[in-house]
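Encoded as structure tokens, the structure appears first; notes follow it.
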Amino acid sequence: MDCLFCGVAAGEVPATVVHETDRTLAFRDIAPKAPTHVLVIPRDHHRDIGTLMADDPALAEDLFAAATAVAAQEGVVEAGYRLVVNTGPDGGQTVDHVHVHVLGGRPFTWPPG
Ligand code: AMP
Ligand code: ZN
């Protein structure tokens, strides 16, 4: 399977890693949309949040635990931050390996565009 984020998890695609657990990896987005923009992925390949929840809900918990740990590490908890999980074409998902965006360091509007 040719998956960009499996390549990151395998160390074959370079990334700026900021947080690691045995089952998750977090690295800076290559095209940041905010001062803090980190992607958190499971090391195992799962296409999206729905298939992850169906196949390994404990890993979904690990993924969100890692995302909140990244927010703390980035120092954005007090000011606030946004977690985003784009899913499928209408959701704007461009990499089909589930990932949580951790966005912070500026205010965000709601609803998003
Ligand atoms: P999404 O649109 O939710 O699938 O998000 C995919 C994200 O991956 C985008 O924000 C891209 O900027 C980011 N991205 C793509 N390639 C890389 C890469 N090699 N390293 C880090 N981030 C990447
Ligand atoms: Zn993958």
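Each ligand, and each atom within it, is numbered from 1 in the order the structure gives. In this chain, residues are counted from 1 in sequence order.
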Ligand-side contact atoms (ligand 1) for residue partner His99, heavy atom cut-off under 4.0 Å:
1 (P), 3 (O), 4 (O), 5 (O), 6 (C)
I'd like to know whether the aromatic ring centres of His101 and His99 sit less than 6.0 Å apart in this structure.
yes
Working to 10°, measure the angle at the Zn ion (ligand 2) formed by atom ND1 of His45 and atom SG of Cys3.
110°
If you compare all heavy atoms of His37 against all heavy atoms of Pro32, which two are closest, and at what distance to 0.1 Å?
ND1-CA, 3.5 Å
Under the criterion side chain to side chain contact (heavy atoms under 4.5 Å, CB included), I'd like the reasoning laid out for Leu39 against Phe5: C-alpha separation, chi angles, the key distance, then a yes or no.
CA-CA 10 Å; Leu39 303 175; Phe5 288 172; 3.7 Å; yes
Top protein contact for atom 16 (N) of ligand 1, by heavy-atom distance
Leu4 CD2, 3.3 Å
His19 vs Gln73 side-chain heavy atoms within contact, under 4.5 Å
yes
Quick check on contacts: which atoms of ligand 1 are under 4.0 angstrom from a heavy atom of Phe5?
8 (O)
Grab the two heavy atoms, one from Lys33 and one from Leu103, that are nearest each other, plus how far apart they are.
CB-CD2, 4.4 Å
Have a look at ligand 1 and work out which part of Leu39, if any, has a heavy atom under 4.0 Å from it: side chain, backbone, both or neither.
side chain
Atoms of ligand 1 under 4.0 Å from any heavy atom of Ala31, numbered from 1 in the order shown, are 12 (O)
Gln93: numbered ligand 1 atoms lying under 4.0 Å from its heavy atoms:
4 (O)
Ionic contact status for Asp56 with Arg23, cut-off 4.0 Å
yes
Any heavy atom of Gly92 closer to ligand 1 than 4.0 angstrom?
yes
Has His46 got an N/O/S atom less than 2.8 Å from the Zn ion (ligand 2)?
no
Mark up the atoms of ligand 1 that fall under 4.0 Å of a heavy atom belonging to Phe27, in ascending order.
21 (C)
Residue Lys33 vicinity, atoms of ligand 1 by number, heavy atom under 4.0 Å
10 (O), 12 (O)
I'd like to check which ligand 1 atoms, numbered from 1 as shown, lie under 4.0 Å from a non-hydrogen atom of Thr94.
1 (P), 2 (O), 4 (O), 5 (O), 6 (C)
Using a 4.0 Å cutoff against the non-hydrogen atoms of Arg28, which atoms of ligand 1 qualify?
21 (C)
I'd like the atom name of the N/O/S atom in His97 lying closest to the Zn ion (ligand 2).
ND1
Check ion pair Arg28-Glu74 (N to O, under 4.0 angstrom):
yes
Closest protein heavy atom to atom 9 (C) of ligand 1, given as residue, atom name and distance to 0.1 Å
Asp29 OD2, 3.3 Å
Say you draw a straight line from CZ of Arg43 to CG of Asp62; how long is it, rounded to the nearest 0.5 Å?
11.5 Å
Taking atom 18 (C) of ligand 1 as the point of reference, which of Val98, Val13, Ile30, Val95 owns the nearest heavy atom?
Ile30
Val84 contact mode with ligand 1 (heavy-atom cut-off under 4.0 Å):
neither
